[in-house]
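Remember, it's 1-based here, ligands and their atoms both numbered in the order they're listed. As the structure is a computational prediction, the values presented were derived from the model and not from experiment.
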Amino acid sequence: MNGRGLWACWAVCFVVFLAQPPLTSQLPDVIKIGGLFDVGDVNQKLSFQSAFESVNAGLRRTSFQPIIREIPPGDSFHASKKVCSYVRAGVAAIFGPQSERASAHVQSICDALEIPHIETRWDYRARREHYSINLYPHPFSLSKAYFDLVREFEWTSFTILYEDNDGLVRLQELFKVPPKKYKITLLQLPDHRDYRDVLRKVLISSEYNLILDCKTENVERVLKQAQQVGLMTALHSFLITSLDLHLVDLQDFKYSGTNITAVRLVDPERGEARKFMYEWRMKVRPRVCTLFPTFKSQAPAFPQTEAMLMYDAVKLYVMAIQALDNSTYVQITPLKCELEGGWIHGNSLINYMKMVRQATNLGKIKFLKTRSSRRASPPPPPPRGQTATTVYESNCNPHKPKDSIPNALSNSPRHHLTRLLLPSRRQNDPYIMLRESSERLSGNDRFEGFCIDLLNEIAEILKFNFVLIPIKAYGSRNATTGEWNGMIKELLEDRGDMAVTDLTINFEREDAVDFTMPFMNLGISILYKKPQKMAPSLFSFLSPLSIEVWIYMITAYVGVSIVMYILARFSPYEWQNPHPCDPDPDTLENQFTILNCLWFAIGSLMQQGCDFLPQAVSTRMVAGMWWFFTLIMISSYTANLAAFLTVERMESPIESADDLAKQTKIKYGLKEGGTTSVFFRDSKIPTYKHMWDTMNKYKEMGENVFTGSNKEGATRVSKSNGLYAFFMESTTIEYVIERECDLTQVGGLLDSKSYGIALQPGSPYKGVLDVAILTLQSRGRFHTLKEKWFRQKRGGGKCKEEAGGSSMASELNLPNVGGVFVVLIGGMGLALVVALGEFVLYCWEISREDEKSLISVLSEELCFVFQCKGSTKPVRKKAESETAAVDNMYGSDVYNCSGRNPLT
Ligand code: GLU
């Protein structure tokens, strides 16, 4: 079978096996892959690692284990040794190295052992070993692309400035055209890096079209010297053959008017490349910067073409081995360099790799069959006049001096009017609002707000114009279709350049588009009705002590009185002579009857005292302890009473998200389609998960707790009478509670995030916008704008005034102390009732003893009482029985020394 027939056969087989239903993977659990890198080639190495990390993340059972080794550049001895150690370990492919000599050795060993060898390096040779694949475009293809460009530019005369013979190989197609058609001048750049003499020759020759072929790191130097000799004018055009021109800082030449054109293999805004760019920015580049701080220049903001090719090579290899796995049982066996025989699947795997035309970083890959070499074809040349290098971030430090801000925004003619997307303008206070005016406004003048001021300030710094385009939604991804809506979709579909509003940066969005540095920090919190002031209670004087303490105090009072009574009866010193005039009394009396004990204890508690005091040590100790107790209790009570009577207490049924989750009376909701809902939807924290389920349950039951906007949510909370709480971003809550005085923020922040300006993926504006945002931050402009739009404009500060009015010290009103009067009046009434009782009882006894009617005794006594004259009363002379009756009535402890009626 000839070569063509064999290819056709493979192609048929490939199509046939793709049509088969996928079989269960039979690949080994771990597949080892060798990676040989030149010492110091950090980018390639990390790109290789990152590609396998990304591949492994998508695999279930099998995982690829990259084994990385470093060799001195060009050291073929070490390279061979490492390859042999790889094959002993049983690798299924070897990637690298970059240097030509070492690579040649690796190729020949791999060829002998039938192990796929994958490279991503410049190689002009037309013939390759069968088991090697190189993803770097062959010079033949590149030179065709450059030739196409020259034709497109309609250059008939040009000068080629080249550094070494590789450059001439790269431009070989240009030399094949008939000399009559083109005037080509060749000038070699010297090694000593002073190119001015050569460049002056170009100037003298009046040649305006130049093709520059030199190492990427020398491009800037050549262009600078060209500028010095006067070759960088609007009349001059440069075609630069470096595929990494996006890594060169061209800002110094942006005002020269010179047309600089270059070709790049990867469009960073398309397909898989976007994902890689994201991974590069988020993972690989920071890793290079941390691991090798001295190699910062090796970690550019955009990856080198070779690093992107390495990423592609890994993906291509993985696709091929998976395809191979679908058709056969793949076994990986350790081999030995010294022994004959190779890996049985090596040949098939290489053939599968050559057939994969899957879209990767490079777009579609096609391996050419020129002789036995297989190369990736370059992309079609860009249209005439379009500069392919528009990205100027070149180091790890975003803080560039102000005067060197590269302004892709003001420079790019296409973006002279930058298209700025805004959310639906009705409900987005204070970020974007419709300007209030009696005149009919149009264009950008229709809007005002925090974000509009922010944009104006950025535009002032970067000198660009913009047109505002309102869009309905912020941007969320459909979980099933994966499609974006709102502003994010507009950015992705190139209908806008920036999206500006309270747009939260989250993982999902960051994955799809680019964001500038944050301009505001926030978190999710709860908007709820302000706690209501409690009406002062009549018995608020009881509030300083809790009900239990009151009960304990009463118990202590009764207990101490009983203890006093018992101890006094025990102690001989409490039994005293009832008639001090009689030195030899028949009886002794104890003044601590139970009633007297109660009286003594209450007298002390009220800080008053009593007309009799303990005499014995034991009873005095009881009294002392009780007085100490009352001292502390009364002081505490008095101190607390002042606070309770003057401070108005507020009561809120919820204090945090946990409180909300635990109850069912107060419903809660949030704005649909925003990052707040994404937070709850994706949260793994049980409380928030439960809350998300509850909110959806309410929705299913027909009571939609979700709202279309934050403003709608705030209105709902206001009207809900405390039965609805709303999750909102803290910044917006700040704005709302400045104006709606019945609303407040409850609890702290549930998360922490920021607002940023969204840009198209890989947008060249990111760098300059970051610098502008940092500049505004250092000038304190964000604070000023926040004060203006959050606290001053549009009704700001309203609630502060109200709060100020009521913050004066409030005097006590009758409702605060009314209870004390009630107790007093109650006490008086009770005393009156007791007095009446005593009086009636006394009269009843007299009537019985004197054998008079009760009415007459009552009227006699009442007459005396209501005479209201004098403070003496005649003693009723009566038999002993009468005195005894009086004694019964007042207790035996009341001793009247003069023998007078105790009532007088
Ligand atoms: N800032 C949110 C967003 O970017 C909108 C408001 C919210 O979800 O609470 O989607």
Side-chain angles (χ1 to χ4, degrees), residues 420-433 449-451 454 470-479 483-492 496 498-528 657 660 668-683 688 691-692 695-696 704-717 724-737 743 745-759 786 789-790:
L420 273 154
L421 305 168
L422 313 166
S424 175
R425 56 191 187 245
R426 284 171 295 120
Q427 311 274 4
N428 202 30
D429 305 358
Y431 307 99
I432 315 279
M433 297 179 283
F450 178 92
C451 286
L454 175 72
I471 302 291
K472 276 216 183 85
Y474 283 63
S476 54
R477 192 165 58 180
N478 185 315
E483 270 182 24
W484 285 94
N485 67 3
M487 292 187 290
I488 304 289
K489 181 176 177 191
E490 300 298 301
L491 286 178
L492 291 173
M498 303 181 199
V500 189
T501 181
D502 53 330
L503 191 68
T504 311
I505 306 172
N506 68 357
F507 179 77
E508 216 176 33
R509 286 180 183 163
E510 178 75 65
D511 200 23
V513 292
D514 275 359
F515 275 96
T516 59
M517 296 204 45
F519 59 81
M520 209 183 259
N521 299 320
L522 58 127
I524 298 172
S525 195
I526 305 168
L527 181 74
Y528 189 57
L660 257 188
Y668 42 88
L670 44 85
K671 177 187 166 303
E672 218 163 17
T675 44
T676 307
S677 68
V678 173
F679 168 80
F680 279 94
R681 190 194 67 197
D682 298 346
S683 180
Y688 306 145
M691 291 181 118
W692 177 247
M695 288 187 262
N696 282 306
N704 194 356
V705 287
F706 298 107
T707 64
S709 69
N710 281 331
K711 196 163 184 176
E712 206 183 299
T715 315
R716 196 159 162 186
V717 175
Y724 182 75
F726 190 70
F727 286 103
M728 214 191 217
E729 287 170 341
S730 55
T731 36
T732 319
I733 292 186
E734 244 177 89
Y735 175 80
V736 170
I737 62 179
L743 301 184
Q745 175 178 336
V746 170
L749 305 185
L750 310 190
D751 63 348
S752 167
K753 47 201 182 186
S754 320
Y755 295 149
I757 299 176
L759 307 166
K786 199 167 172 199
W789 289 106
F790 281 70

Which residue and heavy atom of the protein sit nearest atom 10 (O) of ligand 1, plus the separation: R509 NH2, 2.8 Å

Between OG on residue S476 and CH2 on residue W484, distance to nearest 0.5 Å: 7.0 Å

Check: E729 N/O within less than 3.5 Å of ligand 1 N/O: yes

Contact check: K671 vs ligand 1, nitrogen or oxygen atoms, below 3.5 angstrom: no

Polar contact flag for S677 and ligand 1 (N/O pairs, less than 3.5 Å): no

Atom pair OG1/CG of T675 and D682 - distance to nearest 0.5 Å: 11.0 Å

Ring-ring centroid check F727 F679, cutoff 6.0 Å: no

Interfacing atoms of ligand 1 (cut-off 4.0 Å, heavy-atom, G674): 8 (O), 10 (O)

Output field: ring centroids F706/W692 closer than 6.0 Å: yes

Polar atom proximity, Y755 to ligand 1 (N or O, under 3.5 Å): no

Sub-4.0 Å heavy-atom approach of M728 to ligand 1: no

S730 side chain vs G523 backbone, donor-acceptor pair below 3.5 Å: yes

Protein heavy atom at shortest distance from atom 7 (C) of ligand 1: T676 OG1, 3.1 Å

CG-CZ distance between L454 and F519, expressed to the nearest 0.5 angstrom: 5.5 Å

For atom 5 (C) of ligand 1, the protein heavy atom that lies nearest, with its residue and separation: Y474 CE2, 3.7 Å

Identity and distance of the protein heavy atom lying nearest atom 1 (N) of ligand 1: D502 O, 2.6 Å

Residue pair W789 / P430: nearest heavy atoms and the distance that separates them: O-CB, 3.7 Å

